[in-house]
> 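Below is one structure. I have some questions about it.
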Number of protein chains: 2
Amino acid sequence: MALDALILGLLDLRPMTGYDLKKAFDGTVAHFWSADQSQIYRTLARLEQDGLVDVRVVPQAGKPDRREHRLTDGGRARLTEWLRSPLPDEKPREPFLGKLFFVGREEDPELVQALLAERRNAARRLLATLENLPVVDGDLSARLRSATLRKGILEVQAELTWLDELEAAL
Amino acid sequence: MALDALILGLLDLRPMTGYDLKKAFDGTVAHFWSADQSQIYRTLARLEQDGLVDVRVVPQAGKPDRREHRLTDGGRARLTEWLRSPLPDEKPREPFLGKLFFVGREEDPELVQALLAERRNAARRLLATLENLPVVDGDLSARLRSATLRKGILEVQAELTWLDELEAAL
DNA sequence: CACCGCATGTAAAACGTTACATGATTCA
DNA sequence: TGAATCATGTAACGTTTTACATGCGGTG
């Protein structure tokens, strides 16, 4: 499962609590994956059971104890295995395009405009978010991470261009 | 659920069997949605139970009867409702970017090359598929459908460009 | 005999929503 | 002072998706 591997990958960067992971999903990797809290905690529990991570409880003053998860050797092996496995087929899921594909039947040009406008707003918000994520320049790892971000940005920009073109054509 | 709505949308174009729908998912709408057979049949059964589609059995010579599904008034209403509902948040799921994000830890430039090459092949195949899909020019509906396809094509092309750039930079 | 057209069934894995709990701290 | 937010986590329940297997009557 990809979520397993992504969690392992994040924990390989540094040990984290479930809470930390949630923030990582909402920040660093938001442009290619999302996961909600309960999903993260459940997965973490399973990874622990499977011996891929272990937990160290770190007391804090004035805050709940941190349950820090870190990779075991088995976890590192699992991550490597995933990185070397073939890519799964993509299965796109784009509700926006789904709507656009069928919205013509409503015979309502304003509805089309509204749909495009809604999407444009979402795209702009996303672009702003991505542009605020830190770009670090450094070794191979850092450059690859930046590249994933760059791809996200290019994609949103391409979408905005496409929207311009489409709105002009209608 | 979006799959419900997409099936309703397709059936609104013309009545279809589950089998026809599967082909539609693998062809016409492949660039923004995928569904497997069992999922389609199960969903059709549910839609029928809910009174959103009904079935007419059409005998054929030398082949199993066709179970043609067509929209009821309720089904059309449901489709309209979906088309007018707000867009859900996107939750990206891109295993490729996930791997790229973490693959640096393997300290293996060849592995990176292989990953990019694998992706490039997939992108090229996808581009070929999309370019072979028919583009119809006509009324609003037709133009919107072409636009979804155009977006798919632009996206893959942007990805190929990004791959060029990235490979050159490494 | 393999494949097409057409479907059914079942189980497991994955994902999401909602609610709850607790002790700081910050902000109006 | 009271409300909101942060930091951390648990739990129950429901929905979605995936994977895989099976059946049957043609046709080339």
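The figures that follow rest on heavy atoms only: side chains count, while hydrogens, waters and symmetry mates do not. Below, chains carry the letters A, B, ... as their sequence lines are ordered, and counting in each starts from 1.
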> If you look at every strand shown and take non-hydrogen atoms under 4.0 Å, does Arg93(B) touch a base, only sugar-phosphate, or nothing?
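Sugar-phosphate contact only - Arg93(B) comes under 4.0 Å of backbone atoms but never of a base.
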> Find the distance Asp36(A):CG to dT10(D):C1' and express it as a whole number of Å.
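Answer to the nearest Å: 14 Å.
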> Under 4.0 Å between a side-chain N/O of Tyr41(A) and OP1 or OP2 of dG9(D), yes or no?
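Looking at the OP1 and OP2 atoms of dG9(D), one of them is under 4.0 Å from a side-chain N or O of Tyr41(A).
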> Go through the N and O atoms of the side chain of Arg42(A) and the base of dG16(C), and report whether any donor-acceptor pair is under 3.5 Å.
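Counting by modelled atom types and ignoring angles, a donor-acceptor contact under 3.5 Å is found here.
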> To the nearest angstrom, how far is Trp33(A) atom CH2 from dC15(C) atom C1'?
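Result: 11 Å.
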> Shortest non-hydrogen contact from Leu160(B) to Ala123(B)?
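Heavy atoms of Leu160(B) and Ala123(B) come nearest at CD2-CB, 3.8 Å.
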> Starting at CD of Gln60(A) and ending at C1' of dC6(D), how long is that distance when rounded to a whole Å?
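Going from Gln60(A) (CD) to dC6(D) (C1'), I get 11 Å.
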> Looking at dC15(C), I'd like to know if its phosphate oxygens (OP1 or OP2) sit under 4.0 Å from a side-chain N or O belonging to Gln39(A).
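Yes, such a contact exists.
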> Measure the distance from CD1 on Ile40(A) to P on dA7(D) and round it to the nearest whole Å.
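Interatomic distance, CD1 of Ile40(A) to P of dA7(D): 15 Å.
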> Closest nucleotide of DNA chain C for Ser34(A) versus for Gln37(B): which of these residues is on the 5' side?
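Between the two, 5'-proximity favours Gln37(B).
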> dA7(C) phosphate, OP1 or OP2: any side-chain N/O from Arg67(B) under 4.0 angstrom?
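Indeed, a polar side-chain atom of Arg67(B) lies that close.
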> Is any side-chain heavy atom of Arg93(B) closer than 4.5 Å to one of Ser34(A)?
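Yes - at least one pair of side-chain heavy atoms lies under 4.5 Å apart.
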> Take the protein atom CG of Leu6(B) and the nucleotide atom P of dT17(D), then report the distance between them rounded to whole Å.
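Distance check: Leu6(B) CG to dT17(D) P gives 11 Å.
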> Using atom CE of Met1(A) as one end and atom P of dA19(D) as the other, report the distance to the nearest whole Å.
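Taking CE of Met1(A) and P of dA19(D), I get 13 Å after rounding.
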> Please check the phosphate of dG9(D) (OP1 and OP2 only) for any side-chain N or O of Arg66(A) closer than 4.0 Å.
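Answer no for this pair, as no side-chain N or O of Arg66(A) is under 4.0 Å from OP1 or OP2.
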> Check the side chains of Lys22(B) and Thr17(B) for a donor-acceptor pair under 3.5 angstrom, ignoring hydrogens and angles.
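Judged by distance alone, the side chains do not pair up.
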> Are Asp4(A) and Arg46(A) within salt-bridge range, i.e. N to O under 4.0 Å?
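So Asp4(A) pairs with Arg46(A) through a salt bridge.
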> Under 4.0 Å between a side-chain N/O of Lys63(A) and OP1 or OP2 of dT25(C), yes or no?
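Answer is no, no contact under 4.0 Å.
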> Is Leu3(B) touching bases, backbone alone, or none of the nucleic acid, heavy atoms closer than 4.0 Å?
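Counting heavy atoms under 4.0 Å across all strands, no contact is made by Leu3(B).
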> Output yes when Asp12(A) and Arg70(A) qualify as a salt bridge under the 4.0 Å nitrogen-oxygen rule, no when they do not.
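Salt bridge flag = no for Arg70(A) with Asp12(A).
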> Inspect the surroundings of CD in Gln60(A) and state if more than 12 heavy atoms from other residues, nucleotides or ligands are less than 6.0 Å away.
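Yes - once you tally the heavy atoms of other residues, nucleotides and ligands closer than 6.0 Å, there are more than 12.
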> Can you tell me if the side-chain N/O atoms of Tyr19(A) get under 4.0 Å from OP1 or OP2 in dA7(D)?
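Checking dA7(D) against Tyr19(A), a side-chain N or O does come within under 4.0 Å of OP1 or OP2.
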> May I ask you to evaluate whether Ser38(A) reaches the phosphate of dC15(C), defined as a side-chain N or O under 4.0 Å from OP1 or OP2?
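For dC15(C), neither OP1 nor OP2 has a side-chain N or O of Ser38(A) closer than 4.0 Å.
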> Taking atom P of dC6(C) as reference, at what distance in whole Å does atom CZ of Arg56(B) sit?
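About 15 Å, once rounded to whole Å.
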> Tell me: CZ of Arg46(B) to P of dT15(D), nearest whole Å?
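So the two atoms are 10 Å apart, to the nearest Å.
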> Please classify the nucleic acid contact of Asp20(A) as base, sugar-phosphate, or nothing, using heavy-atom distances under 4.0 Å.
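Sugar-phosphate contact only.
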> Would you tell me if any nitrogen or oxygen in the side chain of Lys22(B) comes within less than 4.0 Å of OP1 or OP2 on dA7(C)?
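For dA7(C), OP1/OP2 do not have a side-chain N/O of Lys22(B) under 4.0 Å.
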